[in-house]
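Shown next, in structure tokens, is the structure this report addresses.
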Amino acid sequence: MNTLDTLKNCKKFAIMGGTFDPIHYGHLVTAETVCRELDIEKVLFIPSGRPPHKQNINISDNEHRYLMTAIAAEDNPRFTVSRIEIDRPGMTYTVDTLGALRKMCPKSCEIYFITGADAALMISSWKTPSKLQTLCKIVVVTRPGYDKNSIAAEFERAGLDVEKAVFMDVPALDISSTDIRNRVSIGKSIKYLLPPNVENYIYKNRLYVYTPDKKTAEKAEVIVKKLKKTLSSRRFIHTKGVAEESVKLARVHGADEKKAYLAGLLHDCAKDIPNKEKLELCKKYGVEIDKVLAEQPDLAHQFLGAELARAVFGIADKEILDAIRYHTTGRPDMGVLEKIVYLADFFEPSRRYYDGRDEIKNLAYKDLDKAVAFSLKHTIDFNVKKSRLIHPLGKKAMDFYEEFL
Ligand code: ATP
Ligand code: MG
């Protein structure tokens with residue numbers, strides 16, 4: 001239903017504006033509390049266009065924010081979402097939105113405008129704030145025990161009458177969209193902070209994950225084009241997963257995100273080359289074919305991958321090349337980037353589930369050496385069970401990392 005239809009017979013409704021990037025339980029609990037306490041018929045969630053105070057911040061696309069809000073509001077008959085701000089071109093100001101809504105509803109209709117204490121403390125910087133109370137009643141939601149004096153002072157500065165505002169305590173939900181975005185960007189859980197279908201939406205649309213700077217993006221684009229020619233589509237999805245997971249690990253462990261991204265993208269660049277051709281290319285690029293590689297040429301893809309990354313994809317950085325070169329066997333005393341790509345390859349989300357995967361993933365965000373130790377052990381046990389040969393580098397790596405088990 002459009003906003004006009006929702007409001008034309010309304011006697012009492014509330015508005016909750018926000019960036020909703022993403023909407024979370026803090027917003028929803030607030031809206032529900034206000035709705036019940038003030039006996040309000042409808043709460044209208046209004047995702048903002050590009051808000052004036054967030055001009056320089058990278059916020060998600062309007063449609064993503066609108067859809068997440070709509071999904072979150074879906075199961076509450078009193079909640080509805082309006083496109084009024086996102087469909088309006090240019091800057092959006094609360095006072096203009098309120099004015100427009102006023103015109104859509106009966107004169108006698110009461111409008112409540114819900115704002116969190118953090119936003120209320122900036123109200124004097126809004127456009128013509130003193131007009132707000134001619135259009136609506138302001139509801140300030142605070143945590144229990146919040147100091148109201150600072151809000152009273154801010155209202156005075158804004159030319160607003162604090163006595164006319166409704167103050168309401170809501171349960172102390174220490175949730176913010178900023179924190180949720182940060183959590184997603186470093187692979188931490190956001191479960192129970194927002195509705196599960198919004199959580200799924202975020203993952204499905206890959207919101208809040210690393211986006212490379214322009215130069216890296218251009219480089220990555222060229223790489224991806226070439227990769228798509230040789231990799232199967234399943235392998236390509238895996239490759240993207242490893243690149244993204246590597247970036248998250250790099251962020252947490254203070255490694256270079258760009259290098260992690262490129263190493264992740266290229267780690268399997270030789271994987272889907274037929275084995276016979278792999279061996280020929282190994283010869284061409286001087287990769288030694290030892291006993292294990294002769295029997296299991298597939299394993300050569302890590303060494304060959306590093307050579308191709310250098311010769312075909314133009315990567316000169318030694319850390320990136322080594323991260324590719326040892327990503328399957330590992331080796332003793334790996335560098336941070338090597339450990340990151342090794343682990344990302346082990347548990348990126350498109351990999352089939354196996355016992356212990358989630359434990360190793362959690363560990364990887366806390367302790368790289370320990371996580372490497374457990375995944376080496378897991379891999380070696382698995383290959384022994386399958387009667388495969390273990391590459392000497394893998395054995396040496398295990399000896400080195402055993403003390404972390
Ligand atoms: P960000 O971290 O990006 O600033 P946010 O979590 O503060 O996001 P907004 O979309 O900026 O969310 O907020 C919309 C409205 O909801 C504002 O009035 C804000 O004060 C209020 N609000 C935000 N988080 C909470 C919360 N946890 N409890 C109650 N109100 C909240
Ligand atoms: Mg905020």
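Counting starts at 1 for both ligands and their atoms, in listed order.
Between G116 and ligand 1, at least one pair of N/O atoms sits closer than 3.5 Å. On a distance-only criterion, I175 and ligand 1 share at least one N/O pair closer than 3.5 Å. The distance criterion of under 3.5 Å between nitrogen or oxygen atoms is met by F20 with respect to ligand 1. Below 3.5 Å of separation, one finds an N or O of T178 facing an N or O of ligand 1.
Across M334, K377, K370, a single residue satisfies side-chain contact (heavy atoms from CB on, under 4.5 Å) together with Y401, and that is M334.
Geometric assessment of K226 against the ring of F313 yields a positive cation-pi assignment under the 6.0 Å and 45° thresholds.
Ligand-side atoms of ligand 1 in range of G18: 10 (O), 14 (C), range being under 4.0 angstrom from any heavy atom. Of all atoms in ligand 1, listed by their number and element, those nearer than 4.0 Å to a heavy atom of S176 are 2 (O), 6 (O). Those atoms of ligand 1 that come under 4.0 Å of a heavy atom in R181, given as number and element, are 3 (O). Interface of T115 with ligand 1, defined as ligand atoms under 4.0 Å from a residue heavy atom, comprises 18 (O).
Side-chain N/O atoms of E85 and S48 include no donor and acceptor closer than 3.5 Å. No side-chain N or O of N383 forms a donor-acceptor pair with one of K386 less than 3.5 Å apart.
To the nearest 0.5 angstrom, I180 atom CD1 is 10.5 Å from Y25 atom OH.
The option from H24, H27, R65, M122 that lies nearest to atom 22 (N) of ligand 1, judged by heavy atoms, is H27.
Only the side chain of T30 comes within 4.0 Å of ligand 1, counting heavy atoms alone; its backbone N, CA, C and O stay farther away.
For an aromatic pair to be called close, the ring centres must be under 6.0 Å apart, and F45 with H27 fails this.
Ligand 1 has G17 within reach: a non-hydrogen atom of the residue lies less than 4.0 Å from it. At least one heavy atom of D118 sits less than 4.0 Å from an atom of ligand 1.
A pairwise comparison of heavy atoms in Q302 and T328 identifies OE1-N, 2.8 Å as the closest pair.
Dense packing is recorded around CG of D381, with more than 12 heavy atoms of other residues, nucleotides or ligands lying under 6.0 Å away.
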